[in-house]
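Residue numbering restarts at 1 for every chain, and letters A, B, ... go by the order of the sequence lines.
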Protein chains: 2
Amino acid sequence: MSKKISNTIKTLRFFANEMTQQELAEKAGVTRQTIAAIEKDKYSPSLELAFKIADVFNVPLNEVFSYKEDE
Amino acid sequence: MSKKISNTIKTLRFFANEMTQQELAEKAGVTRQTIAAIEKDKYSPSLELAFKIADVFNVPLNEVFSYKEDE
DNA sequence: TCTTAATGTATAATATTTTTAACATTAAGT
DNA sequence: ACTTAATGTTAAAAATATTATACATTAAGA
């Protein structure tokens with residue numbers, strides 16, 4: 001009944017030449033812990049950070065984050 | 001040189017039978033002030049709220065929010 | 001086996017978003 | 001002119017995201 005945000009960051013990192021969390025963090029302008037927390041769904045990022053992460057991978061935001069019913 | 005988030009909430013409200021800020025706020029589960037602040041670019045919402053707002057209008061997130069170079 | 005890079009995790013401090021409450025202004029209808 | 005709904009706006013509190021620091025674990029290579 002309720003929707004949740006999920007993401008494909010780990011996969012995207014893997015296909016981006018196995019980019020590390022650290023590298024992604026630097027390119028997105030945040031710390032490694034922030035990336036780790038988001039990857040593990042500890043919390044959902046700000047819209048701005050979501051856009052920045054998508055930009056790093058050169059994909060639209062909806063290829064990184066989706067909002068769907070959680071099964 | 002820097003990117004900024006902009007949104008089309010006001011327009012979307014207008015085309016959604018002139019939905020008020022108050023109605024949108026209720027449907028998105030936030031207060032009217034939050035909608036007003038976002039409409040006026042006082043700050044960018046959380047990713048979750050961005051998704052909820054898009055859901056209210058039944059459009060993808062990128063039809064509500066965009067992240068582009070500011071002129 | 002030893003090192004090292006990468007990741008997992010936790011906690012307290014800081015920053016940002018969101019709420020609550022309040023009052024002002026605008027536009028429309030009567 | 002009066003009323004009312006909608007919006008503009010502000011300030012302080014509460015909630016959530018992010019940082020900084022620190023230490024543990026894992027996997028891979030020398």
Any B:Ser44 side-chain N or O less than 4.0 Å from OP1/OP2 of C:dT16: no
Side chain of B:Arg32 (C-beta onward), nearest among C:dT9, C:dT19, D:dT7: D:dT7
Interatomic distance, B:Phe57 atom CZ to B:Lys27 atom NZ [nearest 0.5 angstrom]: 8.5 Å
Sugar-phosphate only, base, or nothing, as touched by A:Thr34 at under 4.0 Å among non-hydrogen atoms: base
Length of the NZ-P vector between B:Lys42 and C:dT19, whole Å: 15 Å
Interatomic distance where CD1 belongs to B:Ile35 and P belongs to C:dT17 [whole Å]: 15 Å
Options C:dT9, D:dT18, C:dT18, nucleotide nearest the side-chain atoms of A:Ala36: C:dT9
Selected nucleotide, minimal atom distance to B:Ser46 side chain, candidates C:dT17, D:dT10, D:dT18: C:dT17
OP1 or OP2 of D:dT7 under 4.0 Å from side-chain N/O of B:Arg13: yes
Side-chain donor/acceptor contact of A:Gln33 with base of D:dT21 under 3.5 Å: yes
Residue B:Lys3 excluded, over 12 heavy atoms near NZ under 6.0 Å: yes
Rounded distance in Å - CD1 (B:Ile38) to C1' (C:dT18): 9 Å
Spacing of A:Leu12 atom CG and A:Asn7 atom CG [to the nearest 0.5 Å]: 8.5 Å
Length of the line joining A:Glu18:CD and C:dA5:P, which is rounded to integer Å: 17 Å
Options C:dT17, D:dT18, D:dT9, nucleotide nearest the side-chain atoms of B:Tyr43: C:dT17
Listed nucleotide nearest any side-chain atom of A:Thr31, set C:dT7, D:dA20, D:dT9: D:dA20
Touch class at under 4.0 angstrom, heavy-atom based, for A:Gln21 against every strand present: sugar-phosphate
Separation of D:dT18 C1' from A:Lys52 NZ (nearest whole Å): 12 Å
Selection from D:dA6, D:dT18, C:dT17 that lies nearest to any side-chain heavy atom of B:Thr20: D:dA6
Side-chain N,O (A:Lys10) to OP1/OP2 (C:dG8) below 4.0 Å: yes
Reported CE-to-CD1 distance for the pair A:Met19 and A:Ile9, which is rounded to 0.5 angstrom: 11.0 Å
Distance (rounded to the nearest 0.5 Å) between B:Glu23 CD and B:Glu18 CD: 10.5 Å
